[in-house]
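Below is one structure; the comments refer to it alone.
These numbers come from the heavy atoms of this one structure, side chains and all, not from hydrogens, waters or symmetry mates.
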Amino acid sequence: MKNIAVIGAGTMGNGIAHTFAQSGFKVQLIDISEASLNKGMETISKNLDRMVAKEKISEANKSETLNNITTHTNVESGVENVELVVEAATENIDLKLKIFKQLDKACDKDAILATNTSSISITQIAAATSRPDKVIGMHFMNPVPIMKLVEIIRGYNTSDEVTKTIMVLSKTLGKVPTEVNDYPGFVANRILMPMLNESIETLYNGVAGVEEIDTVMKLGMAHPMGPLQLADFIGLDVCLSILNVMYDGFKNPKYAPCPLLVNMVAAGKLGVKSGEGFYDYSESRKAEKIAKQFLK
């Protein structure tokens, strides 16, 4: 397997493309927006520059990685002759079903179709295709070039052969693949999102402030960043979307998103990406300044 397509040039998509390209794969990065493709390639180049500055790779490695990536705004031409497609579009079930129907028609019959979804059912996505045995989840972690874990999610019909192929492939990327079954939130988000939601509830109920909650979890539980900072980093809209998928899937009130989270997303306070969440990022992308709303 040498030819890969990645759908979506956003944060996860460009990170996945970067990782495959740096490992010697030919990558066809696809997005309907030329501007998004340009921005994605700029991000990859900047991230490679950081690696060169830290002497983790050479300038020649950087050039080779960039040369391994071609960009496309057309899905049909973008997936030509690829053996694997990794979809990393917005976390929206209707959009993903539409993309997978399109991929099923456009890709070679033996191509494996993977999704980077962090919560949506692989089985449901696979049912939109004529090859459910060849559909699998590859949930990379952000930032993709750095984080080692890849959650490999088997749908109800995913074959043993496809699962083994993707497990081995992930290892060639220098990742640690971990196989899980297809239930809402899988493992990572089934455990993480209720913790983030409970942290938001703790703030909402006035138990402690933003800085205090994050300090307790960093210093008391040895977390590298506090849960409210992490929620900002992930994107509060993404957190809300995942919690809604889990709540819909389990019908258990413990997964119901906190009203504060719902209101913040409705107000456009999405975290780092919007410049404000629980912290104010107008001057720095670091969580150093508490958002005005939460100042005591």
Side-chain angles (χ1 to χ4, degrees), residues 1-31 36-89 99 103 106-117 134-153 158-159 161-179:
M1 190 179 288
K2 275 293 174 186
N3 299 311
I4 310 294
V6 177
I7 307 286
T11 300
M12 296 305 294
N14 71 60
I16 294 167
H18 171 162
T19 300
F20 272 105
Q22 194 176 330
S23 297
F25 292 86
K26 297 296 182 183
V27 180
Q28 293 167 207
L29 181 59
I30 306 165
D31 198 293
S36 293
L37 287 168
N38 292 337
K39 185 178 178 182
M41 291 303 297
E42 285 174 13
T43 298
I44 293 170
S45 183
K46 286 177 183 176
N47 288 338
L48 289 168
D49 283 337
R50 290 192 189 96
M51 297 178 80
V52 171
K54 293 178 181 178
E55 299 184 345
K56 291 185 176 181
I57 63 171
S58 66
E59 281 287 354
N61 294 144
K62 175 194 170 181
S63 297
E64 186 178 349
T65 298
L66 291 173
N67 289 336
N68 280 338
I69 305 172
T70 57
T71 59
H72 303 261
T73 54
N74 180 274
V75 170
E76 284 73 20
S77 63
V79 299
E80 194 172 342
N81 299 321
V82 302
E83 297 139 299
L84 168 69
V85 180
V86 182
E87 171 273 320
I99 289 171
L103 292 175
C107 293
D108 182 89
K109 62 182 178 62
D110 293 322
I112 296 171
L113 307 182
T115 174
N116 181 59
T117 181
K134 292 183 173 67
V135 178
I136 195 165
M138 289 185 80
H139 180 206
F140 290 86
M141 305 293 137
N142 184 29
V144 180
I146 296 171
M147 299 292 278
K148 289 289 187 183
L149 177 68
V150 184
E151 240 185 339
I152 306 299
I153 308 106
T158 307
S159 71
E161 180 184 359
V162 165
T163 302
K164 182 179 178 181
T165 297
I166 297 302
M167 292 286 283
V168 171
L169 176 67
S170 299
K171 289 177 183 176
T172 69
L173 300 175
K175 303 300 185 185
V176 178
T178 303
E179 183 182 337

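- A donor-acceptor pair shorter than 3.5 Å can be found between the side chains of Ser58 and Asn61.
- Atom CE of residue Met167 and atom CD1 of residue Ile136 lie 8.5 Å apart, to the nearest 0.5 angstrom.
- Residues Val79 and Gln28 are not in side-chain contact: their nearest non-hydrogen atoms beyond the backbone lie 4.5 Å or more apart.
- Residues that satisfy the side chain to side chain contact (heavy atoms under 4.5 Å, CB included) test with Glu80, not counting sequence neighbours, are absent from this structure.
- Put simply, the side chain of Phe20 reaches to within 4.5 Å of the side chain of Leu169, judged on heavy atoms.
- Under the 4.5 Å side-chain criterion, counting only non-hydrogen atoms from C-beta, Val27 is not in contact with Ile16.
- Interatomic distance, NZ of Lys175 versus CG of Leu149, reported as 9.5 Å (0.5 Å rounding).
- Taking 4.5 Å as the limit, some side-chain heavy atom of Met1 sits within range of a side-chain heavy atom of Thr165.
- Nearest heavy-atom pair, Ala5 versus Gly78, reported as atom, atom and distance to 0.1 Å: CB-O, 3.9 Å.
- Across all their heavy atoms, Gly8 and Leu29 have their closest contact at O-CD1, 3.5 Å.
- The distance from the CG atom of Leu113 to the CE atom of Met138 is 12.5 Å, given to the nearest 0.5 Å.
- Atom CG of residue Asn116 and atom NE2 of residue His139 lie 6.0 Å apart, to the nearest 0.5 angstrom.
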**Report entry** Derivation and outcome, side chain to side chain contact (heavy atoms under 4.5 Å, CB included), residues Glu42 and Asn14
**Finding:** CA-CA 9 Å; Glu42 285 174 13; Asn14 71 60; over 6 Å; no

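- Nearest approach of Leu84 to Ala114, heavy atoms of both residues: CD1-CB, 4.0 Å.
- Between the side chain of Asp31 and the main chain of Ser36, no donor-acceptor pair closer than 3.5 Å is present.
- Taking 4.5 Å as the limit, every side-chain heavy atom of Lys26 sits out of range of all side-chain heavy atoms of Thr70.
- With hydrogens and angles disregarded, a donor-acceptor distance shorter than 3.5 Å links the side chain of Thr19 to the backbone of Gly15.
- Around atom CD of Glu161, no more than 12 heavy atoms belonging to other residues, nucleotides or ligands sit under 6.0 Å away.
- Atom-to-atom distance recorded for Ile30:CD1 and Glu76:CD is 9.0 Å, nearest 0.5 angstrom.
- Interatomic distance, OG of Ser45 versus NE2 of His18, reported as 10.0 Å (0.5 Å rounding).
- No donor-acceptor pair closer than 3.5 Å links the side chain of Lys134 to the backbone N or O of Ser159.
- A side-chain donor-acceptor contact under 3.5 Å links Thr158 to the backbone of Val135.
- Within a 6.0 Å radius of NZ in Lys62, more than 12 heavy atoms belonging to other residues, nucleotides or ligands are found.
- Residues in residues 1-12 take part in no side chain to side chain donor-acceptor pair (under 3.5 Å) pair, two or more places apart or across chains.
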Report task. Please step through side chain to side chain contact (heavy atoms under 4.5 Å, CB included) for the pair Lys56 and Arg50, ending with a clear verdict. Result -> CA-CA 9 Å; Lys56 291 185 176 181; Arg50 290 192 189 96; over 6 Å; no

Query raised in the report: Hey, mind stepping through Asn47 and Ile44 against side chain to side chain contact (heavy atoms under 4.5 Å, CB included) and telling me if it holds?
Result: CA-CA 5 Å; Asn47 288 338; Ile44 293 170; 5.8 Å; no

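- Using a distance-only test at 3.5 Å, with no hydrogens or angles considered, a donor-acceptor pair links the side chain of Asn68 to the main chain of Ala21.
- Side-chain atoms of Glu87 and Thr115 form a donor-acceptor pair, as typed in the model, at a separation below 3.5 Å.
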